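The first residue in the sequence is number 1, and the count goes up from there. Numbering of ligands and ligand atoms starts at 1, following listing order. Keep in mind it's a predicted model, so treat the numbers as computed, not measured.
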Amino acid sequence: MKLKGNWNFPTLIRFGAGRIKELPDACQTLGMKRPLIVTDPALAKLPIIAGAVRVLSAANMQSAVFSDMQGNPVEENVTRGVAAYQKGSHDGVIAFGGGSALDVGKAIALMVGQNRSIFDFEDREDWFTRVNVAGMAPVVAVPTTAGTGSEVGRSSVITDPRDHTKKIIFHPRMMPGLVIEDPELTVGLPPQVTAATGMDALSHCLEAYSTDYYHPLAEGIAVEGMRLIKEWLPVAVRDGSNIEARSHMLIASSMGATAFQKGLGAMHSLSHPCGANLNTHHGLTNAVVMPYVLVWNRAAIEDKMVRLAAYLGLARKSFEGVLEWVLELRKTIGIPNTLSDIGVKPEHAAAFAPQAFADLCTGGNPVKIDTPQFEKLYMNCIRGNLQL
Ligand SMILES: [Fe+2]
């Protein structure tokens, strides 16, 4: 099978090894002549960004690079990017990198034409209708990790400095107009990052599949995403240069983000306060909390897990089968077992529980969880307690 394709769902995607060379054409397709490349500081130093600037310049497109951002991006990263965009009279954004770069790039493209604060566009009620759509800039997205799926998402997660919480900034038009998915760009990712980001993709598929909302389209995408991750994530972690594994993981990541239009759940609710307060890695945190949330949700998802186990070809076609697979996968790819292994302490549980309860993902969890229960769930994750 040739792992190449042009798709127009959920947006225009040019998929296949080596397709980064189509970057100038992608920009022209969206009417850009002076793109601002938004990336993270580590990537900005690597040859792929210099290469992108060079191919754009060879096509008579003058670009600039903005990389003043951090993992778990904050409002200031976006504000500075908007200033760079305006100073350089840019006419579009190339969001190039992992989840943080993609989210900041999309948020800059949103904010270049607005008069309000970014947090006025949080994903609540109909706040997205406040956006001046005509002011939004076009975005070409180029993912370099396989996990976040932000390249096909309609939101950015940005930390609010006022209360140190992660806010989901949403507008339907934040979906990038064109995506280049080139698995060769992910070959250099070290095994730990491959593992952590891959588990973010799994958490998207698993939470989208588990949530109660009715959305069979998203559910179908989620289960095939999980099958690809089951087959190929261990291979990508073991042998980063395996293009077949990198290809399947890259599209599984986009599938996770497409599926989570259906909803997410407590894995993300627990993870967000850890990232916002302790700067833990998002995908890694989701990977750690995953089995504890599955156990917590068991009564509501038992039947679904039987179906999933059958589709994944697990030996035990049951909830236990899925749980065992998740635990085994985590061990194989080197994910720590408890939140305390990644710096979350028992005293954080009480402080983070109200933030987890207030998180937008909480509404999607198949079992209702209140603040005291979130504290207990945090303690389960911190102590490694897989019982209810
Ligand atoms: Fe996520």
ring-ring contact (aromatic ring centres under 6.0 Å, His included) pairs, two or more places apart, involving residues 28-64: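 Counting only pairs at least two positions apart or across chains, no ring-ring contact (aromatic ring centres under 6.0 Å, His included) contact touches residues 28-64.
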ring-ring contact (aromatic ring centres under 6.0 Å, His included) partners of residues 187-208, not counting sequence neighbours, each pair once: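 Residue pairs with at least one partner in residues 187-208: His204-Phe260, His204-His268.
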Results of side-chain hydrogen bond (donor to acceptor under 3.5 Å, both in side chains) for Thr371 - residues two or more places apart only: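 With neighbours one apart ignored, the set is empty.
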Aromatic plane relationship, Tyr85 with His90 - under 30° parallel, 30 to 60° tilted, over 60° perpendicular: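 His90 vs Tyr85 ring planes: tilted.
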Single-linkage hydrophobic cluster Val289~Ile333, side-chain heavy atoms < 4.5 angstrom: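 Result: yes, single cluster for both.
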hydrophobic_cluster_shared for Val65 and Ile48, side chain cutoff 4.5 Å: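 Same hydrophobic cluster.
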Of the protein N/O/S atoms, how many lie under 2.8 Å from the Fe ion (ligand 1):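 Those protein atoms number 4 in total.
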